[in-house]
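Everything below concerns the one structure shown next.
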Amino acid sequence: MRQFNEEMISFINASPTPFHAVQWMAQMLECRGFIRLYEDEPWELNDGSDYYVTRNDSSIIAFTYPPCNEKGYTLVGAHTDSPHLRLKPNPLTTSAGVKRLGVEPYGGVLFNPWFDRDLGLAGRVVYLDGEVRKEALIMIDRPIAVIPSLAIHLDREANTSRTVNAQTDIVPMVACGELDFETFILSQIQEDTTDLTLLAHELSFFDTQKGSFAGINEEFITSARLDNLLSCFVGLQALIDASYPMMVACMDHEEVGSDSHVGAGGTFVEETLRRIAGEEFTTLMHRSIMVSCDNAHAQHPNFPSKHESEHAPILNEGLVIKINSNQRYATSARTQGRLIQCARALHVPTQTFVTRSDMGCGSTIGPISATRLGIETIDVGIPTLGMHSIRELSGVNDAYGLYRILMHLGDF
């Protein structure tokens, strides 16, 4: 389990953006013999072979072939994106003698933890090399930016009633003096930028502090992007190691609603499954099960009243099954029973989560995928604290427990 968690932390450290996460997963799959497919080419699938396909280089689907005649696929769904600060198209501004780069919040960012952190910059760049349009991933894995807090002497209400203005308060400062933004970005591709012209970019700030074990007995994992790269890693490892037909779909844009050509609300998963199944698509969906893996809210020890006591997940006490009568989660009694039977056979603990009836409930790709595909679905997740913060926390036992369940769920 320790090695499993160390490898998971290494993956998250190497994946500051969905582009980097998909690149890492694709390399891992190819090392394990998976064959890359391309959406704009015909597919010839051979029994006993394993495949993967990407879209936009930010979503990835991998699968074994063929699916089981009796039970179809066990389909694991996760997402590659996390809330963060995204660079605006024309970001460079000057204020109080310093250069700043303007940002736009992506997803439900918890703003306050971004202050006073060492920030790097990563993402995708589209540029001209002479007259040839090219793309490149860049990752500046050193502190180049910081968002300083306003001193309490200048804001006496900082500890009682402070709010954060997303336009004016969270603009990272990057330099004093002159800065040519285009040259700086292009220099991350190659030293001589004479023939290069920046066309567009999708760049995000990230915390340069690496993930680590924490606690007196190292019983916690602290890292950026546990939501939801943790589930991507667990699903990928289960796919590689499982002995039954399985598919993993790690999708972009979940944190902003999934309504895009690379999100769960788009066509990527459905089109992939239709190319696999052909006229047997409907039959395959009725025989398959989807496990939507997204992080779950652990009970906060300082705010225990935010959960009801009967449905308050605890760190290191097992996988959380998420239930909502209004279908914000897609779990049914049937899918819940199947997963619990598997977990009990493996002696892996599980917990249940229901949002307090007087609080709003988030959602996942589970209901979206279930609606689009017509597939029975269960929503699960690893109990997590600090969700959507720049640094989140989970327990060392829980991800490995999910991995064991996914390894064997197809047998039940």
Side-chain angles (χ1 to χ4, degrees), residues 9-28 30 54-60 80-95 98-107 109 114 116-148 170-211 223-225 229 252-253 262 390-391:
I9 291 172
S10 295
F11 161 59
I12 296 174
N13 288 341
S15 305
T17 73
F19 306 114
H20 292 85
V22 167
Q23 182 184 64
W24 189 99
M25 288 187 281
Q27 291 173 349
M28 175 61 72
E30 292 202 356
T54 68
R55 180 177 285 190
N56 189 49
D57 294 328
S58 63
S59 294
I60 186 169
T80 58
D81 61 324
S82 301
H84 63 267
L85 302 181
R86 175 77 61 87
L87 220 60
K88 290 182 177 179
N90 303 309
L92 189 62
T93 63
T94 302
S95 179
V98 300
K99 298 297 182 181
R100 306 182 303 162
L101 296 180
V103 293
E104 181 180 14
Y106 176 93
V109 185
W114 282 79
D116 308 315
R117 306 291 297 191
D118 294 339
L119 303 179
L121 189 68
R124 180 167 65 181
V125 174
V126 181
Y127 64 100
L128 287 178
D129 186 349
E131 298 299 322
V132 180
R133 188 177 69 251
K134 296 182 178 180
E135 297 180 4
L137 295 188
I138 67 171
M139 179 174 171
I140 307 173
D141 194 12
R142 63 180 179 87
I144 65 164
V146 66
I147 307 172
I170 56 168
V171 187
M173 51 183 283
V174 295
C176 291
E178 294 304 311
L179 173 65
D180 185 324
F181 172 74
E182 179 172 335
T183 300
F184 172 69
I185 294 301
L186 292 173
S187 69
Q188 308 305 311
I189 302 170
Q190 64 184 46
E191 185 175 350
D192 182 4
T193 64
T194 305
D195 294 327
L196 305 186
T197 303
L198 183 63
L199 296 176
H201 57 81
E202 295 172 89
L203 298 172
S204 304
F205 283 108
F206 68 95
D207 187 3
T208 58
Q209 183 180 1
K210 305 303 182 186
S223 176
R225 302 177 298 282
L229 292 185
D252 197 2
H253 294 161
V262 296
I390 196 171
R391 198 163 182 86

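Because the structure is predicted, anything quoted here is derived from the model rather than measured.
- Under the side chain to side chain donor-acceptor pair (under 3.5 Å) criterion, Gln209 pairs with Arg117, sequence neighbours left out.
- Atom-to-atom distance recorded for Glu182:CD and Thr197:OG1 is 6.0 Å, nearest 0.5 angstrom.
- Between Pro172 and Ala145, the shortest heavy-atom distance links the atoms CB-CB, 3.9 Å.
- One N or O on the side chain of Ser59 and one on the backbone of Val262 form a donor-acceptor pair closer than 3.5 Å.
- With rounding to the nearest 0.5 angstrom, the CE atom of Met28 is 11.5 Å from the CD1 atom of Ile60.
- Distance check, rounded to the nearest 0.5 Å: CD1 of Ile189 to CG of Leu198 gives 7.5 Å.
- To the nearest 0.5 Å, the span separating CZ on Phe205 from CD1 on Ile170 amounts to 11.0 Å.
- A side-chain donor-acceptor contact under 3.5 Å links Thr208 to the backbone of Asp118.
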Would Leu119 and Ile390 satisfy side-chain contact (heavy atoms from CB on, under 4.5 Å), going step by step from the backbone distance to the final call? CA-CA 10 Å; Leu119 303 179; Ile390 196 171; 4.0 Å; yes
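- The two residues Ser15 and Arg225 come nearest to each other via the heavy atoms O-NE, 2.9 Å.
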Before giving the answer on side-chain contact (heavy atoms from CB on, under 4.5 Å), spell out for Leu121 and Ile185 the whole-Å C-alpha distance, their side-chain angles and the decisive distance to 0.1 Å. CA-CA 10 Å; Leu121 189 68; Ile185 294 301; 4.0 Å; yes
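- For Arg100 (side chain) and Ser95 (main-chain N/O), no donor-acceptor pair under 3.5 Å exists by modelled atom type.
- Between Asp252 and Pro18, the closest heavy-atom pair is OD1-CG, 3.7 Å.
- Phe206 has its ring centre no less than 6.0 Å from the ring centre of His20.
- Heavy atoms only, all atoms of each residue included: Ser223 and Ile12 are closest at OG-CG2, 3.4 Å.
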Output, in order, the C-alpha distance, side-chain angles, deciding distance and verdict of side-chain contact (heavy atoms from CB on, under 4.5 Å) for Val171 and Ile147. CA-CA 6 Å; Val171 187; Ile147 307 172; over 6 Å; no
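- For the pair Asp192 (side chain) and Thr194 (backbone), a donor-acceptor distance under 3.5 Å is present.
- Side-chain atoms of Thr80 come within 3.5 Å of backbone N or O of Ser58 as a donor-acceptor pair.
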Going by atom type alone, with no hydrogens or angles, which donor-acceptor pairs under 3.5 Å involve a side-chain atom of residues 131-144 and a protein atom two or more places apart or on another chain?
from	atom 1	to	atom 2	distance (Å)
Lys134	NZ	Asp129	OD2	3.0
Asp141	OD1	Lys210	NZ	3.1
Asp141	OD2	Lys210	NZ	2.5

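- Here the shortest heavy-atom pairing between Leu229 and Ala21 reads CD2-CB, 3.9 Å.
- Note on ring orientation: taking the six-membered ring where Trp is involved, the planes of Phe11 and Trp24 are tilted (angle from 30° to 60°).
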Working note: Val109 + His84, criterion side-chain contact (heavy atoms from CB on, under 4.5 Å); need CA distance, chi angles, decisive distance, verdict. CA-CA 6 Å; Val109 185; His84 63 267; 5.7 Å; no
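- The main-chain N or O of Phe184 is found under 3.5 Å from a side-chain atom of Gln188 such that the two form a donor-acceptor pair.
- Under 4.0 Å is where a charged nitrogen must lie from a carboxylate oxygen, and between Arg86 and Glu104 no such pair does.
- The closest donor-acceptor contact from the side chain of His201 to the backbone of Arg124 lies at 3.5 Å or more, if one exists at all.
- Taking the side chain as every heavy atom from C-beta outward, Pro91 and Phe181 approach each other to under 4.5 Å.
- The shortest distance between side-chain heavy atoms of Trp114 and Asp207 does not fall below 4.5 Å.
- Not a single donor-acceptor pair under 3.5 Å links the side chain of Asp57 to the backbone N or O of Val22.
- Nearest heavy atoms, Pro148 versus Asp116: CA-OD1, 3.4 Å.
- The structure places CG of Leu101 at 7.0 Å from CG of Leu179, a figure rounded to the nearest 0.5 Å.
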